[in-house]
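One structure below.
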Amino acid sequence: MYILANTQASNFVTGVDRAFLVILGISFFFLIGLTLVMIYFIYRYNKKRNPEATQIKGSNTLEVVWTVIPTILVLVMFYYGWAGWKPMKNAPEDSFEIDVISRMWNFTFEYENGKKTDTLFIPMDKPVKLNLISVDVIHSVYIPAFRVKEDVVPGREKFMWFIPQKEGIFELFCTEYCGLQHSYMYNWVKVMPEDQFNSWYADTTILVAGTVDSPTASGKRIMTNIGCLACHSLDGSKLVGPSFKGLYGHEVTVKAGGETKTVVADDEYIKRSIYDPNSEIVEGFPKGMMQSYQGQLSDDDIALMIEYLKTLK
Amino acid sequence: MQASSHIPHDVSYLEYKGKHNGLLSWILSTDHKRIGLLYMYSMMTLFLVGVVLGLAMKFELIAPGKTIMDAQDYNAVFTVHGVIMIFMIVVPGLPAVFGNFLLPIMIGAKDVAFPKLNLASWYVYIAGALLVIASLLFGDGSPDTGWTFYAPYSFKTGANMLPAIFGAFVLGFSSILTGLNFIVTIHRMRAPGMGWTKMPLFPWTLYGTAWIQLLATPVVGITLVLVALERIFGIGVFDPALGGDPILYQHLFWIYSHPAVYIMILPAMGAISEVIPTFSQKHVFGYKAIVASTMAIAFVGYFVWGHHMFTSGMSGTAQYTFSILTFLVAIPSAIKVFNWISTMYKGSINVQTPFYWAASFIFVFMIGGLSGLVLGALATDVYVHDTAFVVAHFHFIVFGGVGFAFFAAIHYWFPKMFGRMYDSLWANVGWIIFFIGFLALYSPMFYLGMQGMPRRYYDYLEQFHAANILSTLGSWVMTLGLVIIIINLFRSAKSGPIAGKNPWNGKTLEWTVPSPPPVENFETIPVYHEKDGPYEY
């Protein structure tokens with residue numbers, strides 16, 4: 001378990017775990033104490049042992065005691081909750097900034113030098129600020145090991161920040177329910193020592209692809225990164241959108257402005273489907289599920305993707 | 001109230017032949033007791049649907065990957081489960097069933113203030129339920145938004161959001177009418193001599209609840225109007241694509257839905273406050289403190305909704321204000337627990353089925369309430385918000401709290417309602433199996449949430465597997481207990497041994513009338529003298 005397991009993976013862990021300890025400590029004390037008292041009363045004052053009840057109507061002293069003590073305790077708990085949370089609200093000026101683009105059902109991480117990845121690479125012991133952007137519905141970025149979570153709300157500028165303090169690979173989940181593939185919307189966070197991170201970051205020849213060996217491999221890499229495969233299968237099965245298998249060069253029946261027509265899935269069609277996905281909807285699929293990728297994917301990217309689509313016979 | 005001279009006092013409400021026969025004598029009856037049972041049978045039917053959906057969900061989660069259904073079906077199942085359980089069962093539950101049946105008798109009245117309105121409320125409830133069910137079955141398929149219908153997802157999917165919210169409002173309207181009826185009844189129709197400080201605690205909680213119903217439910221109406229304007233005219237209120245603010249939707253949703261939690265839990269606390277003194281054969285401890293805490297919960301409960309939104313992007317000031325208010329509402333709940341346990345002190349405790357349910361209620365309610373402290377504190381809430389921890393917490397409160405209180409209440413008042421006693425042995429067997437199953441079903445979710453498993457997950461990583469297996473097994477055990485309990489009660493209502501007027505030696509007024517009660521409850525309206533009171537043993 002993360003909590004109490006002493007994984008100091010970020011600067012917030014101490015404050016959050018201390019709040020957990022205080023609250024869970026008080027809670028277990030009362031739960032166990034009151035339960036034992038209750039069981040003792042049920043045993044001791046069972047009608048077999050105590051045939052005649054003593055009528056006691058109350059006690060003002062006790063009422064005051066058990067109002068004042070819980071009041072003090074809840075204020076203590078509030079304080080620890082507040083103290084652990086307060087530093088999350090202000091990111092240092094010199095934070096390393098990364099844009100998190102969230103969409104159904106994938107996160108993409110965009111770095112200032114143009115790198116785009118589907119794993120969050122971050123340097124150790126440096127403040128990292130994630131700018132949270134959603135292109136469709138509300139998502140939520142949750143990195144349990146760092147004790148942080150923030151909703152990604154379309155139309156709002158939001159951020160989260162932290163200082164990673166432990167090398168390793170951690171989970172990043174979407175925790176705001178966002179539809180069909182919500183439970184598959186998770187990515188990995190890779191924390192690297194600063195020098196290692198710097199050499200990874202400086203290598204801008206590898207913008208998107210891991211290792212560029214062929215256009216088709218780059219195309220597949222782009223599509224995985226940007227999240228196409230969350231909704232479009234490669235094996236012919238029907239997900240949210242039509243499968244990519246056997247798509248390129250074949251006829252598709254689409255609905256456009258109330259009309260049904262047949263078009264050939266050529267380069268132009270694919271580009272149109274990416275930049276303006278709702279103008280033509282493939283028959284049997286709902287409208288409005290896909291947002292435009294204008295500005296997210298360049299013509300060059302799409303050309304590489306088409307090379308890959310051609311291989312999916 | 002109608003003139004009553006022609007209704008004989010020696011005929012029970014179950015045997016009385018009015019103008020109609022058969023089913024009509026039920027669905028056209030304005031007798032508060034028959035209406036209470038109408039609610040009970042309708043809710044029980046819906047409850048069993050909700051249980052089956054819950055079982056399907058747990059079965060799906062027994063292993064990662066697909067077990068019995070697709071992700072789309074799973075999302076629809078948890079949505080429908082939530083909508084049915086929250087809006088049709090736990091929110092109206094105890095007031096509609098036990099409030100209707102018992103409120104007039106407990107305060108010494110022949111019926112509620114407006115019997116026809118009371119029957120109309122039931123029809124409104126059925127209409128609302130049908131509307132919601134229709135929105136689930138027709139249109140572009142079952143909604144897959146979760147019971148919270150969060151914008152903008154709920155505007156993008158094909159879900160029938162408008163009829164569903166309309167249905168929720170109609171259901172709420174039924175609550176408003178019942179609440180209004182109860183407020184007037186409590187103000188105007190208490191027996192002579194029964195001052196406010198001599199009213200039993202269950203009617204007191206119904207009173208607090210009635211005010212919340214009256215004041216909070218209209219917010220659903222406002223939300224509905226805004227959703228309608230947005231859907232029909234495309235004005236941007238909630239959808240950011242149109243320039244709206246999805247966070248506004250969350251505020252409006254929780255301004256109603258958080259007080260709704262207190263609509264659910266207050267009458268549950270009231271029922272427990274009746275059961276414990278009766279089976280301890282002792283005056284309730286701290287009557288006035290319990291009443292004051294009821295009203296404090298009802299009042300402060302309006303101002304804590306923001307704790308559902310700590311990660312959604314409110315200002316820091318709003319966040320810690322809502323956090324501290326949330327902590328304050330914990331105090332009156334704690335006061336109640338202390339008083340219940342103190343009531344047992346030096347009592348003469350008769351450990352019967354209703355008492356088992358009440359004691360286990362206190363246990364699960366403490367777990368639910370104390371885990372709420374984790375969710376009220378900012379640092380810890382950020383960590384467990386929208387994880388399985390939250391699911392565990394609210395099932396401990398809503399099902400552990402309201403559910404256990406409902407079973408305590410039905411086993412307590414069953415001899416009064418049907419004039420017959422149930423089989424105690426089977427009732428206790430059902431209780432212990434249910435209790436163990438309940439703990440096995442929901443406790444692992446606390447652990448999963450602490451591990452970081454998000455909620456509303458169709459599939460999960462391998463590290464979450466073991467606890468999910470335990471949870472699924474728990475769901476089977478709990479259902480077995482439930483089946484035993486229900487069969488036992490149904491059989492006993494028909495053929496159990498005749499119960500007397502006052503099998504538990506209770507002191508509240510319902511135990512002074514025959515079982516089952518006559519149509520007009522009292523032959524002569526009881527009078528409270530100086531020394532009388534609901535808990536004077």
Side-chain angles (χ1 to χ4, degrees), chain A residues 1-3 15-16 19-20 23 27 30-31 34-35 37-38 41-42 45-47 50-58 63 66-67 70-71 74 77-78 80-82 84-85 89 137-138 140 142 144 147 149-151 153-156 158 173 175-184 286 288, chain B residues 71-72 146 150 152-153 156-158 240 246-247 280-283 285-287 289 311-313 316 320 323-324 327 330-331 334-335 337-338 341 344-351 359 362-363 366-367 370 373-374 377-380 382-383 385-387 450-452 454 456-460 537:
Chain A
M1 195 186 306
Y2 281 120
I3 296 297
V16 174
F20 265 112
I23 297 171
S27 298
F30 276 93
L31 177 65
L34 289 169
T35 305
V37 169
M38 179 167 76
F41 284 174
I42 295 172
Y45 301 111
N46 190 291
K47 71 173 180 186
N50 197 33
E52 195 60 40
T54 313
Q55 297 304 324
I56 308 165
K57 295 190 177 178
E63 298 294 345
W66 63 47
T67 306
T71 307
V74 296
M77 289 187 273
F78 165 78
Y80 281 101
W82 175 83
W85 156 89
K89 297 296 281 186
V137 301
I138 301 178
S140 189
Y142 177 35
R147 313 287 191 267
K149 180 185 290 131
E150 193 67 40
D151 292 1
V153 182
R156 284 207 174 198
K158 299 190 64 191
F173 297 106
T175 40
E176 183 63 61
Y177 173 71
C178 55
L180 187 66
Q181 307 267 10
H182 168 56
S183 65
Y184 297 103
Chain B
Q72 184 64 35
Y150 267 16
Y153 179 69
K156 285 196 189 298
T157 164
I247 303 301
S280 304
Q281 287 296 294
K282 185 165 161 274
H283 195 287
F285 194 93
Y287 172 91
T311 65
S312 72
Y320 64 70
S323 172
I324 201 158
F327 272 112
I331 300 166
I335 292 173
V337 171
F338 294 134
I341 294 179
M344 299 174 193
Y345 175 67
K346 292 198 172 177
S348 177
I349 300 172
N350 182 14
V351 187
I362 294 179
F363 181 71
M366 281 196 291
I367 296 178
L370 293 166
L373 299 173
V374 172
L378 290 161
T380 46
V382 166
Y383 181 72
H385 176 73
D386 268 329
T387 66
M450 296 288 274
Q451 263 194 316
R456 294 174 169 174
Y457 251 32
Y458 164 72
D459 199 356
Y460 51 79
Y537 284 89

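The sequence lines fix the lettering, A, B, ..., with proteins before strands; numbering per chain opens at 1.
Heavy atoms closer than 4.5 Å to chain B are found in the side chain of A:Glu63, but not in its backbone. Contact annotation for A:Lys149: both backbone and side-chain heavy atoms come within less than 4.5 Å of a heavy atom of chain B. Only the side chain of B:Thr387 comes within contact range of chain A, with at least one heavy atom under 4.5 Å from a heavy atom of that chain. Only the backbone of A:Pro51 comes within contact range of chain B, with heavy atoms under 4.5 Å apart. Both the backbone and the side chain of B:Val374 come within contact range of chain A, judged by heavy atoms closer than 4.5 Å. Heavy-atom distances place the side chain of A:Lys89, and not its backbone, under 4.5 Å from chain B. Only the side chain of B:Tyr150 comes within contact range of chain A, judged by heavy atoms closer than 4.5 Å. Residue A:Ile23 touches chain B through its side chain alone, counting heavy-atom pairs closer than 4.5 Å.
Here the side chain of A:Ser183 pairs a donor or acceptor atom with the backbone of B:Asp459 at under 3.5 angstrom. Looking at A:Lys158, its side chain does come within 3.5 Å of a backbone N or O of B:Ser312 through a donor-acceptor pair. The main-chain N or O of B:Gln281 is found under 3.5 Å from a side-chain atom of A:Gln55 such that the two form a donor-acceptor pair.
Comparing A:Ser27, A:Gly155, A:Gly84 by how many heavy-atom pairs each has under 4.5 Å with chain B, the most go to A:Ser27. For the set A:Met38, A:Lys57, A:Gln181, the entry with the most heavy-atom pairs within less than 4.5 Å of chain B is A:Lys57. For the options B:Ser348, B:Gly313, B:Ala377, B:Pro454, heavy-atom pairs under 4.5 Å to chain A are most numerous at B:Ser348.
Across all their heavy atoms, A:Pro154 and B:Pro152 have their closest contact at CG-CG, 3.9 Å. Of all the heavy atoms in A:Asn50 and B:Gly347, the pair that sits closest is ND2-O, 2.7 Å. Taking all atoms of both residues into account, the shortest heavy-atom contact from A:Leu180 to B:Ala71 is O-CB, 3.7 Å. Taking every heavy atom of both residues into account, A:Phe78 and B:Ser323 meet most closely at CD1-OG, 3.2 Å.
We find the CD1-CZ distance between A:Ile56 and B:Phe285 to be 7.0 Å, quoted to the nearest 0.5 Å. From A:Glu52, atom CD reaches atom NZ of B:Lys282 across 13.0 Å, with rounding to the nearest 0.5 Å.
Residues passing the side chain to side chain donor-acceptor pair (under 3.5 Å) test with A:Ser140 are A:Asp151, A:Thr175, sequence neighbours excluded.
Taking the six-membered ring where tryptophan is involved, the planes of B:Tyr345 and A:Phe41 are tilted, since the angle between them lies from 30° to 60°. Taking the six-membered ring where tryptophan is involved, the planes of A:Tyr142 and B:Tyr383 are perpendicular, since the angle between them exceeds 60° and thus also 30°.
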